[in-house]
Structures are given as C-alpha cells and as structure tokens.
Amino acid sequence: MLVEPRSGLLAAWGNALLAGLVSPDDAVGAIVGEDAVHRVEGLPSEAGPVGLTLALGRLRALGAAGFRVALPVPGHPLGLSGPADFNARALEAEEAVVAYGAPYGLVPEVSEAGPEGDRHVEVVWRVLPVREAPPADVPSLSEAERELAEALRDATALLSRLDVAGSGPVAEAAVDAYRARAQGGREVLAPGYPPRAARVLELAQRVGLLVSVAYGSGHGGAVSASEIAARGAALRPVERVARRAVVAAYNAYVEGGEVRR
C-alpha cells in the first residue's frame, strides 16, 4: 500500500481536473506516473481507444462531476455498487474508478510490453456501465481515522506478543522506502482534498507497511500452528480496515460535498 493504486491516482487527479484546480497535462502526468501510456476504451461514441485527456473531458460532458475509488477483494466488494459484470472485472483487477453523476466506471487492465530488459507498463482503462447507488462499505473519514488508530494499536500489541519483529533486509527496505517517501515531501492525493483525507491516507499507508512487514518476515517467533493462525487472524482485519481507509480518503472529495457541478 506504499504505492498508490492507479485507480486512486485517476480519481484524485481527475477530481482536481474537473474542479479546474490543475491543468490537463498535470493531471494526466500524475495519473500515468512511471507507466508508459494509459488509454481508455469503451467510451460512448468512441469506436476505439482514446487518451486520458479526451476521456476525462468526455466523461465530464456525460455528466461526471467527480470520481470514486473501489478496492474490492474476494468477500469484500469495497466501493462497488454493481452491476455484476462491472463488479466481476473490478474484483479481478482489485481496483476500479466509479464516476459520480454519470453511470460509468473504469477498470484498469495492466500489461507489460517491450523486449527483455526494456519492459514498460501499458494500461487500458475499460469503461463499463455502473449502477448509480451508494458504494459498498465505505466509511466516513472520521470513522476511517478512528478504525485505523484502533487497528494499529491492537495489531501492534498482538504481533509483538507473537514476536513479529519485522527484521531482516526485506522489512528494512520497506521501512526505508516509506521513510524516504515521507521525508521527500511528496504530494498526497491532489489539490482540492481536505487535509484530513491526506492524513487518513498516510496513516493507512503506515498500517499497510506494518501488514507488509509482518507478512514478509516469515514465521518469526510464531513457531506453533496456533500462533501462525493468530498472526493471520490479526492481519486480516487490519488489511480490511486499511483498504477501507484508503477508499475513504480518495472518495472524500465526492463524499465531502466538494464536487462542483
């Protein structure tokens, strides 16, 4: 969760663009990031793929006033509202963007291209009809912040008892990467988001770091099957809370009434 999901970048910077807070070039540059190219397929009245700038403009013309994020996993359709086809594709990708004010959603299809040693990432955003309904299981920012604090405290205490120290080169690299990003003063979310949303996203990423380190540190001191099971039981709800918080942070622009029609 240290790397922001592509759906989060599209939603955040798409919201900033729709609000007139950033230029199209800046928005597209932030969304694409280190990928080679992003295209959008399935837009109404478009026979083939188009670029992000045209796609975001077309979605605005179709009534989109903002974008939400969905981060579903099996058994937890977080941020989805149907129909079944869209939900299935979003679940396969484990992320999606849902337009607010227009019945369309976008699911990323990520692929690599190029020769060995010079591979690059290409993304196709598939536009599909969605049901205009409240998204599933998305908390408010205040709820997400409270849940994160409780989950972090409880999981830290339990993992400490299980001797999950988070040591070793993989864990140290993860911690160093997080610190470097935090100290680099990177922009979280995009212009127009409330400070609380950025704070919740940062906390969710720290919780995600804890989970990644715990999963990546082998069995640690949890030598018995019951202790290994206890670690998994501790991490699963923490992961769920962190994902809910990430979605709440990205969706705060729409849910907080900031959308400008």
Q | Partner residues of Y104 under the side chain to side chain donor-acceptor pair (under 3.5 Å) criterion, sequence neighbours left out | A | none
Q: Would you check, one step at a time, whether the test side-chain contact (heavy atoms from CB on, under 4.5 Å) holds for V32 with L52?
A: CA-CA 9 Å; V32 173; L52 277 174; 3.9 Å; yes
Q: Please say whether more than 12 non-hydrogen atoms of neighbouring residues, nucleotides or ligands are located less than 6.0 Å from CD in E112.
A: yes
Quick one: are [X] and [Y] in side-chain contact, heavy atoms under 4.5 Å?
{"X": "F67", "Y": "V98", "result": "no"}
{"X": "L80", "Y": "P135", "result": "no"}
{"X": "Y193", "Y": "N15", "result": "yes"}
{"X": "L56", "Y": "I31", "result": "yes"}
{"X": "V207", "Y": "V241", "result": "no"}
{"X": "P5", "Y": "L71", "result": "yes"}
{"X": "R244", "Y": "D137", "result": "yes"}
{"X": "P49", "Y": "V124", "result": "no"}

Without swapping roles, check the side chain of [X] against the backbone of [Y] for a donor-acceptor pair under 3.5 Å.
{"X": "R126", "Y": "L106", "result": "no"}
{"X": "E202", "Y": "R199", "result": "no"}
{"X": "S81", "Y": "E132", "result": "no"}

Q) Are the charged groups of E255 and R68 less than 4.0 angstrom apart, N to O? A) yes
Q: Please name all residues satisfying side chain to side chain contact (heavy atoms under 4.5 Å, CB included) with L43, sequence neighbours left out, ordered by chain then number.
A: V40, E46, V50, A55, R58, L59, V127
Q) Is L10 reachable from V123 through a run of I, L, V, M, F, W or Y residues, each pair having side-chain heavy atoms under 4.5 Å apart? A) yes
Q: Please name the pair of heavy atoms, one in G79 and one in V138, separated by the smallest distance, quoted to 0.1 Å.
A: CA-CG2, 3.9 Å
Q) Are E4 and Y250 close enough that a side-chain donor and a side-chain acceptor fall under 3.5 Å? A) yes
Q: Examine the side chains of N251 and Y100 and answer whether a donor and an acceptor come within less than 3.5 Å of each other.
A: no
Q | R6 vs H38, side chain to side chain donor-acceptor pair (under 3.5 Å): CA-CA, chis, key distance, verdict | A | CA-CA 10 Å; R6 290 181 174 89; H38 284 217; 4.5 Å; no
